[in-house]
Visitor: 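Sharing a structure with you now.
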Amino acid sequence: MKRIFAALLCAGLIMVFASGCFGGQQTNQADVATGDEARSLEAADYNNDFEGLCNYFAAHGYINPKDETKATDMDLSLVGAKAGKKFTAVRIDDKDVKNITIELYEFNTGENKSTADEIIASVKSNGTFSILNLPEVKAYLSDNGKFMMIYTDKGLDEKKTDSDNYKWREEVLEKFKAFHK
């Protein structure tokens with residue numbers, strides 16, 4: 001009975017982690033980009049901050065920060081981030097996309113925050129990190145090291161490089177990494 005309870009508890013923690021429902025320090029919805037001003041497709045036309053990154057992604061159609069049903073506030077203390085939000089992707093070749101999420105985080109670079117430093121170092125060294133003894137999470141850092149993205153697509157098959165999902169992820173990664181080099 002104890003093993004069953006422990007297994008259920010572990011599964012519950014993984015579900016909470018995956019859904020981003022930890023609560024705690026969160027970004028105010030009003031502080032997140034609206035996308036209204038996000039018309040340019042050039043990264044240099046956006047502020048080098050979380051709102052600028054969200055506006056840049058909205059301009060490309062990757063996220064819709066105005067749709068509260070597709071955005072979730074995240075517990076920033078778990079990764080030591082300054083700002084962060086999880087978005088349900090809004091399109092792929094003008095079709096609805098299911099099971100794709102994009103988590104974006106901004107770190108205070110240059111400040112001594114052990115949690116953030118550990119996460120960034122882990123992602124730099126092996127492309128993954130782990131918190132709360134949960135399974136490793138694949139993540140990406142922008143070229144300037146200030147932003148982190150977790151891209152999750154349950155329908156992505158790494159072997160099918162000609163699939164729409166694979167191509168879309170590669171496009172998103174290219175734009176993310178290049179944001180304010």
Side-chain angles (χ1 to χ4, degrees), residues 17-20 22 24-67 70-92 97 100-131 134 136-153 156 167-181:
F17 173 70
S19 67
F22 280 104
Q25 181 185 356
Q26 298 177 341
T27 305
N28 182 340
Q29 179 66 27
D31 295 337
V32 176
T34 63
D36 289 341
E37 64 276 21
R39 299 292 178 227
S40 171
L41 297 178
E42 299 299 321
D45 292 336
Y46 297 90
N47 292 333
N48 187 20
D49 58 18
F50 183 72
E51 185 175 339
L53 177 60
C54 289
N55 279 329
Y56 178 63
F57 266 41
H60 283 280
Y62 304 147
I63 63 172
N64 182 357
K66 289 175 65 174
D67 186 348
K70 295 185 185 248
T72 304
D73 292 326
M74 303 303 288
D75 182 352
L76 305 175
S77 66
L78 289 173
V79 294
K82 173 183 175 181
K85 207 165 219 10
K86 178 174 155 180
F87 300 94
T88 301
V90 293
R91 73 161 180 90
I92 182 169
V97 175
I100 295 179
T101 59
I102 297 173
E103 291 181 47
L104 300 173
Y105 296 94
E106 177 185 6
F107 293 99
N108 285 329
T109 54
E111 291 187 16
N112 189 12
K113 293 194 172 218
S114 63
T115 303
D117 293 340
E118 290 172 17
I119 299 284
I120 291 170
S122 180
V123 173
K124 278 182 181 178
S125 70
N126 63 17
T128 64
F129 71 93
S130 179
I131 56 174
L134 293 170
E136 294 282 315
V137 175
K138 186 171 182 145
Y140 306 91
L141 290 175
S142 60
D143 287 346
N144 68 5
K146 185 175 181 177
F147 304 100
M148 181 174 76
M149 178 175 71
I150 300 170
Y151 184 95
T152 307
D153 180 353
L156 180 66
K167 290 176 185 176
W168 200 59
R169 189 216 34 206
E170 293 304 304
E171 178 185 323
V172 171
L173 284 174
E174 178 185 329
K175 299 296 184 199
F176 171 74
K177 286 182 173 251
F179 185 73
H180 284 279
K181 283 187 175 182

Visitor: Is the side chain of Tyr46 donor-acceptor paired with the backbone N or O of Ser40 at a distance under 3.5 Å, no angle test?
Guide: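 Yes, the answer is positive, given that a donor and an acceptor are paired below the 3.5 Å cut-off.
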Visitor: To the nearest 0.5 angstrom, please state how far the CG atom of Asn55 sits from the CG atom of Asp45.
Guide: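 Those atoms lie 11.5 Å apart.
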Visitor: Looking at CD1 of Ile63 and SG of Cys54, how far apart are the two atoms once the value is rounded to the nearest 0.5 Å?
Guide: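 Taking CD1 in Ile63 and SG in Cys54, the distance rounds to 4.5 Å.
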Visitor: I need the minimum non-hydrogen distance between Ile102 and Val172, along with the two atoms involved.
Guide: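 What the structure gives for the nearest pair is CD1-CG1, 4.2 Å.
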Visitor: Could you tell me which non-hydrogen atom of Ile150 sits nearest to which non-hydrogen atom of Ala139, and how far apart they are?
Guide: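 Shortest heavy-atom separation between Ile150 and Ala139 comes out as CG1-CB, 4.1 Å.
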Visitor: Could you give the distance from CE (Met149) to NZ (Lys138), rounded to the nearest 0.5 Å?
Guide: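 With rounding to 0.5 Å, CE (Met149) is 10.5 Å from NZ (Lys138).
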Visitor: Under the ring pair (Phe, Tyr, Trp, His ring centres under 6.0 Å) rule, collect the residues that match up with Phe57, sequence neighbours excluded.
Guide: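 Partners of Phe57 under the ring pair (Phe, Tyr, Trp, His ring centres under 6.0 Å) test: Tyr62.
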Visitor: Could you tell me which residues satisfy salt bridge (charged side-chain N to carboxylate O under 4.0 Å, His left out) with Lys175, sequence neighbours excluded, listed by chain and number?
Guide: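 Salt bridge (charged side-chain N to carboxylate O under 4.0 Å, His left out) check on Lys175 returns nothing, list empty.
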Visitor: Between Ser142 (side chain) and Phe176 (backbone), is there a donor-acceptor pair under 3.5 Å?
Guide: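 Checked: no pair found.
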Visitor: Take Ser77 and Thr115 through the side chain to side chain contact (heavy atoms under 4.5 Å, CB included) test and state the conclusion after the steps.
Guide: CA-CA 8 Å; Ser77 66; Thr115 303; over 6 Å; no
Visitor: Looking only at heavy atoms, what is the nearest atom pair of Lys85 and Thr72, with distance?
Guide: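 Residues Lys85 and Thr72, closest heavy atoms: CG-O, 3.3 Å.
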Visitor: Provide the closest heavy-atom pair for Val79 versus Phe107 in the form atom of the first, atom of the second, distance.
Guide: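 The pair with the smallest heavy-atom distance is O-CE2, 3.2 Å.
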Visitor: Measuring from atom CD of Glu118 to atom CD1 of Ile131, what distance do you get when rounded to the nearest 0.5 angstrom?
Guide: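 Taking CD in Glu118 and CD1 in Ile131, the distance rounds to 11.5 Å.
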Visitor: Indicate the atoms forming the closest heavy-atom contact of Met148 with Phe129, along with that distance.
Guide: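 Where Met148 meets Phe129 most closely, the heavy atoms are CE-CE2, 3.9 Å.
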Visitor: Residues in ring pair (Phe, Tyr, Trp, His ring centres under 6.0 Å) with Phe147, at least two apart?
Guide: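 With neighbours one apart ignored, the set is Phe179.
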Visitor: CZ/Arg169 to CG/Leu156 distance, rounded to the nearest 0.5 angstrom?
Guide: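 Answer rounded to 0.5 Å: 5.0 Å.
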Visitor: Examine distances only and state if a side-chain atom of Asn144 and a backbone atom of His180 form a donor-acceptor pair shorter than 3.5 Å.
Guide: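 Judged by distance alone, yes, a pair lies under 3.5 Å.
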Visitor: Take Lys82 and Leu76 through the side chain to side chain contact (heavy atoms under 4.5 Å, CB included) test and state the conclusion after the steps.
Guide: CA-CA 7 Å; Lys82 173 183 175 181; Leu76 305 175; over 6 Å; no
Visitor: If you look at every heavy atom in Gly52 and Asp49, which pair is closest and at what distance?
Guide: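 So the minimum-distance heavy-atom pair works out to N-OD1, 2.7 Å.
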Visitor: Calculate, to the nearest 0.5 Å, the distance between atoms CD1 and CG belonging to Ile119 and Leu141 respectively.
Guide: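 One finds 10.5 Å between CD1 of Ile119 and CG of Leu141.
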